[in-house]
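Following: one structure in structure tokens, then a few remarks.
Please read these numbers as outputs of a predicted model, since none were measured by experiment. First the proteins, then the strands, lettered A, B, ... as listed; each starts at 1.
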Amino acid sequence: MLRYNPKEIEPKWQAKWAEDHLYEALDFDERPKFVMLTEFPYPSGDGLHLGHIREYTYGDILARHKRMHGYNVLYPMGYDAFGLPTENYAIKNKITPQAATDQNIANFQKQFESLGYGIDWSRSFRTSDPEYYKWTQWLFLQFFKAGLAYQDEIAINWCPFCKTGLSNEEVVNGRHERCDTLVEKRVLNQWLMKITDYADRLLEGLKNVDYPSRIADQQINWIGRKDGIDIDYKVTNSPSSEVITTFTTRPDTNFGATFVVLAPEHPFVKKIMKREVVPESGHSHSETVANYVKKSLSKSDVERQEEGRKKTGAFTGFYAMNELTGKEMPIWVSDFVLASFGTGAVVGVPGHDLRDFEFAKEFDLPIIRVVVGPDGDSSDITRPEQVQENQGKMINSDFLDGLDIHEATEKIMVYMEEHQMGKRKVSYRLRDWIFSRQHYWGEPIPIIHCPEHGAVPVPDDQLPVLLPDVKNYEPTDTGESPLAQISDWVNVKCPVCGEPAKRETDTMPNWAGSSWYYLRYYDAKNNSEFAAKDKLDYWGAVDMYLGGMEHTTLHLLYSRFWHQFLYDQKLVPTPEPYQARRGQGIILAADDTKMSKSKGNIVNPSEIIDSGYGADALRLSISFLAPYDQTTPWSPEGVAGTHRFLSRLWTLVQEYSEGPKGNEESSELKRAVNKVIKKVSNDLDAMLFNTAIAGLMEFTNELYKIKAKEGFVSKDWQWAFESVLKILSPFAPHISEELWHQLGNKDTIHLSSWPTYDEQYLIEDKVKLIVQVNGKLRAEIEVEPDIKEEAAVKLAKQNPRLQPYLGGQDIKRTVYVPGKIINFVVS
RNA sequence: GGGCGAGUGGCGGAAUUGGUAUACGCGACGGACUUAAAAUCCGUUGGCUGAAUAAGCCUUGAGGGUUCAAGUCCCUCCUCGCCCACCA
């Protein structure tokens, strides 16, 4: 008898599938299409890790499942090859990024093959291929031409280790999310993408796609739309007429406003420092203000956080008029006010805002209560009670007194607009996307700077702007890309006037290539367009997109923005790129901590496969671990369990093939098979991989019991095995293909059709009825499924086990749920 | 501080949406095979009382409530995870 040996069968079938081009999708086909997308990997030097395997295995299971349901499935894969880690890796190993990428991808490719994924490799590419980034550059130019890519001199987050600027999304807790280095602020001329123009579209679009709420909510929060009002305050003691505009979502509390605070970067603060404006009294505070601003701007975000919420600030010497109260409010400068949100100036309402309260306490400013909660005490101003968010009534607020806060908000907005005191305004937390990187290993930004014509796009026929081969690609401290040193590359003629001009030397972030890569799979070899229209029309939106939660506010948001823009340009047929999105959970190390190189607790999937368990067992164990979206620790022993399960199934098929067969009926076998088909089908539709596998295990255990009881006498064994192999095949493609052929089939199992089940065989001839007394389980009785209540109750009452509980007692009530339960209620 | 989610055996996790809590797997224990180990196979395995594979009681983070019946619904509280955060 053959033993189950994955090392023999897995490479054999992998080679055969590749030879047969089994998983290549057809452009245009009568079958309905299904695009299964998983995030393509960044080819690091570490190879595939378990997180990759989890994602790609789920994708493979879903793709195979759909294929067996008659879909023309596209399950593609490529490499997100540009980016800092490869460059750092190359520098460390003294090779070029190109060579590092080649080397890493060769390694990834080998690992991919060993897992038996049904991927269409004929459409694969790397974002660093000139044939690919030509179109990344071309798409960038469409943004530029539409005014959505622009340059600005701004303070950006600078990673001193990677020596590059970063987008807001790449900074986590004041550190670069890739290398964990503290970021600094630097003022540089940068390319930006106007993602803020699409803020509302990005919110709106979420209503028409199938994203779990934890993903949609995270994007909503990240965009952070706030409806409020910009209120203008006239400066009372300035010789020139000055106005400070503040943004607030709570104008209802404005009778409680007692001061105004400006961000250190605010234009009025700059004016004060330059003494362009001096109070009428002649007493300038410009020195105090300048000292404070200098000190606060030198602090990093992390330093500010470390100081906690202790408020600092300086009085500017100016006052603003609160027209509602007729009182003058001192204008302060403080770094708790962010230049990047709203107008960079806030009105202080210390009675109802914790930060304003702390500021007022620190500098002894008046505190007024204007809202009282349902059971609140308005007199106690020692408690930093927050604004009553949901309910509350106005007090001390003139014509708003007695109103509910929501009514008051609306009324004061109308009032302020009528009296020209302010204007309704929507503010967003979302910032424009900083798109410049001062690095070698990325797509050159295809712009030429001409003294005469400014930023000029590189003409289409000169694309791609090739990344030049270069000896020194190490980043510089100057904030200039290493490309700037290659003078014969930099110095070109202006495409408009032919006069000497210079190329843009910044490159794009690695999020550029991944913002549109799914579209390229539809037409990967196209040399004249990023993808042909008919193919874009055929494949349309990605039907299921699986990826990491960590990309929700990075890649996923960026790429939705790009796609929405392309849709507006009529370059793609669907308003959203991804019809459905799911995020898989993280696999932790067995000790519940994150896997990391420094801790040395990384599990290498190849070692598991090579140790003899094989890819099928690994795929099963990772899918069996937990629900797909749950973070969960890795269980090294789990693979032994799934390997054992596959061995048991293997052995049973061997015994069947070698032993005598019968021609009898077995209702038990029929029921078991129909049951497992139903179970696995339903679970797969709901992406409940772990319980589907549990069902398959249970079924195998049941087969063993049936075999022990009646041997292989039933004529249905062949069908039973074939059915279970089919529903196992998305999870464990190799063993199911092998046994399928051993059972005499000639064609591949992976193009066979998904088995159906027949409810009629699921009907049990006897069902267990639970008998309770006062809700406590006391007996089980076997009855016909369609038994009448009267008969069931009679049968239950006769049960000897019930006598101690029922004997002599009045039955007050009897609850009968057909097929499930009888409950007798006694005193 | 805000948003989202979760607390079930020694562990990962099931539970048809209110109807047998602990499926399936791991681990552990006992046994078979073996010179031995590994592998494999067969049992047992929530806790307490008990000689018991008799019987009973208890058990889904804590405490209340609704119900014939609650892991599931409602209220109060505690703990943990992820994301955001001096965002006005």
Is there any protein nitrogen or oxygen under 3.5 Å from a nitrogen or oxygen in nucleotides 2-6 of chain B, and what are the pairs?
{"unit_1": "G3(B)", "atom_1": "O2'", "unit_2": "Asn221(A)", "atom_2": "ND2", "d": "3.2"}

Requested in this report: Side-chain contact test, heavy atoms from C-beta onward, threshold under 4.5 Å: evaluate it for Ile215(A) versus Gln218(A) and give yes or no.
Outcome: no

Query raised in the report: Has Tyr704(A) got a side-chain N or O lying under 4.0 Å from the OP1 or OP2 atom of U40(B)?
Result: no

Query raised in the report: Heavy-atom distance under 4.5 Å between the side chains of Ile735(A) and Pro6(A), does that happen here?
Result: no

Query raised in the report: For RNA chain B, which residues in residues 680-687 of chain A have a heavy atom at a distance below 4.0 Å?
Result: none

Query - Distance-only side-chain donor-acceptor flag, Gln654(A) / Arg3(A), under 3.5 Å - result: no

Report task. Establish, from distance only, whether the side-chain atoms of Tyr558(A) and Ser167(A) form a donor-acceptor pair under 3.5 Å. Result -> yes

**Report entry** Options A88(B), G19(B), G13(B), nucleotide nearest the side-chain atoms of Phe247(A)
**Finding:** A88(B)

Report task. For the residue pair Thr651(A) and Tyr4(A), confirm or rule out a side-chain donor-acceptor distance under 3.5 Å. Result -> no

**Report entry** Lys594(A), NZ atom: more than 12 neighbouring heavy atoms under 6.0 Å
**Finding:** no

Query raised in the report: Can you list the stems that RNA chain B is part of, where a stem is at least 3 pairs in a row, each Watson-Crick or G-U, with both distances below 3.5 Å?
Result: B:1-7 with B:78-84, B:10-12 with B:24-26, B:27-32 with B:40-45, B:46-49 with B:55-58, B:61-65 with B:73-77

Query raised in the report: Nearest to the side chain of Lys311(A), which nucleotide is it out of G19(B), G13(B), C86(B)?
Result: C86(B)

Requested in this report: Looking only at side-chain atoms of Arg801(A), point me to the closest of U20(B), A55(B), A39(B).
Outcome: A55(B)

Report task. May I ask you to evaluate whether Thr632(A) reaches the phosphate of G13(B), defined as a side-chain N or O under 4.0 Å from OP1 or OP2? Result -> yes

**Report entry** Glu790(A) CD: over 12 foreign heavy atoms closer than 6.0 Å
**Finding:** no

Report task. Measure from the side chain of Ile821(A), starting at C-beta and using heavy atoms only, and say which of C24(B), C86(B), G19(B) lies closest. Result -> G19(B)

Without placing hydrogens or testing angles, list every side-chain donor-acceptor pair under 3.5 Å for residues 680-698 of chain A, not counting sequence neighbours.
{"unit_1": "Ser681(A)", "atom_1": "OG", "unit_2": "Ile677(A)", "atom_2": "O", "d": "2.6"}
{"unit_1": "Ser681(A)", "atom_1": "OG", "unit_2": "Trp754(A)", "atom_2": "NE1", "d": "2.9"}
{"unit_1": "Asn682(A)", "atom_1": "ND2", "unit_2": "Lys678(A)", "atom_2": "O", "d": "3.4"}
{"unit_1": "Asp683(A)", "atom_1": "OD2", "unit_2": "Lys679(A)", "atom_2": "NZ", "d": "3.1"}
{"unit_1": "Asp683(A)", "atom_1": "OD2", "unit_2": "Thr691(A)", "atom_2": "OG1", "d": "2.9"}
{"unit_1": "Asp683(A)", "atom_1": "OD2", "unit_2": "Ala692(A)", "atom_2": "N", "d": "3.2"}
{"unit_1": "Thr691(A)", "atom_1": "OG1", "unit_2": "Leu688(A)", "atom_2": "O", "d": "3.3"}

**Report entry** Nucleotide nearest Asp335(A) (side chain, heavy atoms from C-beta), chosen from C86(B), A39(B), A88(B)
**Finding:** C86(B)

Query raised in the report: Got a sec? Which of residues 634-643 of chain A come in under 4.0 Å of RNA chain B, heavy atoms?
Result: Glu637(A), Gly641(A)

Query raised in the report: Taking OP1 and OP2 of A88(B), is either one under 4.0 Å from a side-chain nitrogen or oxygen of Lys226(A)?
Result: yes

Query raised in the report: Contact class for Tyr805(A) vs. all strands (heavy atom < 4.0 Å): base, sugar-phosphate, or nothing?
Result: sugar-phosphate

Report task. Establish, with yes or no, whether the OP1 or OP2 oxygen of A88(B) is under 4.0 angstrom from a side-chain nitrogen or oxygen of Arg429(A). Result -> no

Requested in this report: Taking only the side-chain heavy atoms of Trp222(A) (C-beta and beyond), determine which of C84(B), A88(B), C86(B) contains the nearest atom.
Outcome: C84(B)

Requested in this report: Select from Leu688(A) and Thr553(A) the residue whose nearest nucleotide in RNA chain B is closer to the 5' end of that strand.
Outcome: Leu688(A)

**Report entry** Nearest-nucleotide 5' precedence on RNA chain B, Asp592(A) against Val347(A)
**Finding:** Asp592(A)

Report summary line: Among A14(B), A88(B), G56(B), the one nearest any side-chain atom of Pro627(A) is A14(B)

Requested in this report: Using a cut-off of strictly less than 4.0 Å, decide whether Lys776(A) has a side-chain nitrogen or oxygen near OP1 or OP2 of C58(B).
Outcome: yes

Query raised in the report: Think Arg671(A) forms a cation-pi with Tyr761(A), using NZ or CZ under 6.0 Å from the six-ring centre and within 45 degrees of its axis?
Result: no

Report summary line: Contact string for nucleotides 65-72 of chain B, one letter per nucleotide 5' to 3', B = base within protein heavy-atom range under 4.0 Å, S = sugar-phosphate only, - = neither, reads ---B----

